[in-house]
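Let me begin by presenting the structure, written as structure tokens, before commenting on it.
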Amino acid sequence: MTFRPLHDRVLVRRVEAQEKSSGGIIIPDTAQEKPQEGEVISVGTGTRADDGTITPLDVNAGDKILFGKWSGTEIKLDGEDLIIMKESDILGVVG
């Protein structure tokens with residue numbers, strides 16, 4: 001299935017949570033916090049101003065991003081957990 005976000009929305013794949021602490025302790029799934037880092041899968045066309053001009057988004061597919069803990073809406077697409085969020089929920093680009 002293909003999915004294309006609209007307007008100022010972004011489709012993000014969350015990075016995998018680390019299963020071990022820096023000291024080597026294995027962290028069970030129930031105790032792991034969801035990472036606040038992800039990779040942009042696809043982006044919408046941008047925001048439309050009152051005069052009809054479209055301003056493209058500042059992020060592109062493939063960008064590594066940081067986002068807020070409660071940002072976006074989680075969806076399941078082709079068996080994969082993804083997040084749809086507005087560009088304003090993105091805190092910054094890593095890299």
Side-chain angles (χ1 to χ4, degrees):
M1 176 187 306
T2 60
F3 180 85
R4 182 176 55 91
L6 298 177
H7 309 297
D8 66 338
R9 290 189 171 63
V10 178
L11 185 64
V12 176
R13 176 184 299 122
R14 193 184 300 265
V15 297
E16 295 296 320
Q18 291 186 342
E19 296 179 10
K20 286 187 181 181
S21 70
S22 57
I25 299 171
I26 297 176
I27 304 168
D29 288 341
T30 55
Q32 290 177 3
E33 280 198 33
K34 291 183 179 179
Q36 295 167 274
E37 185 177 343
E39 178 184 0
V40 176
I41 304 299
S42 62
V43 298
T45 55
T47 55
R48 185 178 302 270
D50 291 336
D51 65 359
T53 59
I54 295 177
T55 304
L57 302 182
D58 289 330
V59 294
N60 298 306
D63 285 349
K64 303 281 189 228
I65 60 165
L66 296 176
F67 50 88
K69 194 170 199 167
W70 309 109
S71 299
T73 302
E74 295 185 359
I75 64 166
K76 192 169 218 116
L77 194 62
D78 291 336
E80 185 176 16
D81 291 325
L82 301 171
I83 306 167
I84 299 172
M85 66 180 65
K86 288 186 167 235
E87 184 187 35
S88 59
D89 291 337
I90 297 173
L91 303 176
V93 178
V94 179

Reported CG-to-CG distance for the pair Leu11 and Leu82, which is rounded to 0.5 angstrom: 5.0 Å
Verify same cluster id: Leu66, Val15 (apolar side-chain graph, 4.5 Å): no
CD1 on Ile83 to CZ on Arg13, rounded to 0.5 Å: 11.5 Å
Joint cluster assignment, Val94 & Val40, ILVMFWY side-chain distance < 4.5 Å: no
Gln36 to Lys69 - nearest heavy-atom pair and separation: NE2-N, 3.0 Å
Worked verdict on Val10 versus Asp89 for side-chain contact (heavy atoms from CB on, under 4.5 Å): CA-CA 10 Å; Val10 178; Asp89 291 337; over 6 Å; no
Distance in Å, Asp81 CG paired with Lys76 NZ, rounded so as to fall on 0.5 Å steps: 4.0 Å
Straight-line distance of Asp8 CG to Lys86 NZ, nearest 0.5 Å: 4.5 Å
Heavy atoms of other groups near Asp58 CG, more than 12 under 6.0 Å: no
Cluster overlap Leu91 with Val59, hydrophobic side-chain contacts below 4.5 Å: no
For residues 41-52, which side-chain N or O atoms pair as donor and acceptor with protein atoms under 3.5 Å away, sequence neighbours left out?
unit_1	atom_1	unit_2	atom_2	d
Arg48	NH1	Gly52	O	3.3
Asp51	OD1	Thr53	N	3.1
Asp51	OD1	Thr53	OG1	2.9

Contacts of type side-chain hydrogen bond (donor to acceptor under 3.5 Å, both in side chains), residue Asn60, not counting sequence neighbours: none
Side chain proximity check, Ile90 to Met85, heavy atoms < 4.5 angstrom: yes
